[in-house]
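Quick notes on the structure that follows.
Computed from a predicted structure; not experimentally measured. Worth knowing before you read on, the calculation uses all heavy atoms, side chains too, and leaves out hydrogens, waters and symmetry mates.
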Amino acid sequence: MALSSLSSTAKLVTGYEIPVVGFGVYQTPADVTEKTTLKALEVGYRHVDSAKYYQNEAECANAIHKSGIDRSKIFYTSKIPVPALGTYESATKALEESLAAASNLGYIDLMLIHAPYGGKEGRLGAWKALVEAQNAGKVRSIGVSNYGIRHLEELENYIKNGGGGQIAVGQYELHPWCGRIDITEWLKRRGAVVQAYSPLVQATRMNDPTLLGLAKKYNKTAAQVLLRWSLQKGFVPLPKSVTESRIVENGQVFDFELSKEDVDSLTTDVHAPVCWDPANNSKL
């Protein structure tokens, strides 16, 4: 994917374009979500990542609607939450509620299953609900989040046996200390775009010596180096902030490039997620 600005895009298997950096709103309080999302759009972000679980879908949609930017230029994502993954009916209900919260947008660009809970029947029921919404034009692309290889293969078999749809996106916690090589390669081989949430490691690794050395070398912040690493690994990072200066800073990652050696030096074989890790939960 070409990397020149916040409006640069990657192509999905569905034919739609997804901006290569998204603005995340996880744990952003509803009463500030609209303001911060409007700021992100003003800065140049064209991709907003929300979820029903975040309880700020309507605020994101309102910001997009009020921005004055043509709807077709903005990519909006939401997710079916874990409590709704028990049955096809509960997933459908949650999906309709997300569509209602974003009714002023006309459609949702990407809808994900938030995690592989609900058992096989629940997971496949949720996928069926997504496929139906996609066929009805309510959702343009569909995918999954936090799925392990076994969940991905379960879904792939279902699709191949008539379940329909395509996995357009896989979203995971991804950064140098949580690389998930097996999962990301599985998805890339099938043409799915890989999104990276918590690409800044929730600021827990900002004093890492290698990271600080690269920040000094490139005259960039540690956060900018992490986002650039994510982009050069072929991921779509979803940085989150409620601080205007950092929203601006996180978008300024297109005027430098890490050397291959520096990308490799920051890459580790450590598996140390800072969030939940359903992909590695053997009980799901």
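There is a side-chain donor-acceptor pair under 3.5 Å between E249 and T221. Side-chain N/O atoms of H271 and N280 include a donor and acceptor closer than 3.5 Å. A side-chain N or O of S8 and one of S4 form a donor-acceptor pair less than 3.5 Å apart. For T267 and D264, the side-chain atoms include no donor-acceptor pair closer than 3.5 Å. Residues E57 and S78 bring a donor and an acceptor atom of their side chains to less than 3.5 Å of each other. Residues T243 and S245 bring no donor and acceptor atom of their side chains to less than 3.5 Å of each other. Residues D277 and Y172 have side chains that never bring a donor and an acceptor to within less than 3.5 angstrom of each other. With hydrogens and angles left out, the side-chain atoms of T9 and E17 include a donor and acceptor closer than 3.5 Å. Between the side chains of Q224 and R228, no donor N or O sits under 3.5 Å from an acceptor N or O. Using modelled atom types, one finds no donor on one side chain facing an acceptor on the other under 3.5 Å when comparing E153 with Y158.
How far CZ of F235 is from CG of L227: 13.0 Å, rounded to the nearest 0.5 Å. Rounding to the nearest 0.5 Å gives a distance of 11.5 Å between CG of D49 and CG of D109. If you take OG1 on T14 and CD on Q134, they are separated by 7.0 Å, rounding to the nearest 0.5 Å. Rounding to the nearest 0.5 Å places CZ of F256 at 10.0 Å from CG of N219. Note that CG of L41 and CD1 of I69 are 5.0 Å apart. Values are rounded to the nearest 0.5 Å. N62 contributes atom CG, which lies 10.0 Å from atom OG1 of T37 (distance to the nearest 0.5 angstrom).
Under the 3.5 Å distance criterion, the side-chain polar atoms of N56 are matched with a main-chain donor or acceptor of T28. Between the side chain of Y45 and the backbone N or O of I247 there is at least one donor-acceptor pair closer than 3.5 Å.
When every heavy atom of A168 is checked against every heavy atom of L12, the shortest pair comes out as O-CD2, 3.7 Å. Nearest heavy-atom pair across A102 and I108 is CB-CG1, 4.5 Å. Looking at every heavy atom in both residues, Q166 comes nearest to W127 through O-CH2, 3.6 Å.
No more than 12 heavy atoms of other residues, nucleotides or ligands lie within 6.0 Å of NZ in K11, so this atom counts as exposed by the packing criterion. In this structure, R205 places its CZ atom where more than 12 heavy-atom neighbours from other residues, nucleotides or ligands lie under 6.0 Å away. The number of heavy atoms from other shown groups lying within 6.0 Å of OH (Y218) is above 12.
Ion pairing between a basic and an acidic side chain is recognised when a charged N comes within 4.0 Å of a carboxylate O; R190 and E156 show such pairing. Using a 4.0 Å cut-off between charged side-chain N and carboxylate O, E97 and K93 make a salt bridge. Between E96 and K138 there is a salt bridge, with a side-chain nitrogen of the basic residue lying less than 4.0 Å from a carboxylate oxygen of the acidic one.
Ring orientation note: the planes of Y54 and H114 are nearly perpendicular, at an angle over 60° on the 30°/60° scale. Ring-plane geometry between H175 and W177 is classed as tilted, the angle between the planes lying from 30 to 60 degrees on a 0 to 90 degree scale.
Put simply, the side chain of Y197 does not reach to within 4.5 Å of the side chain of V236, judged on heavy atoms.
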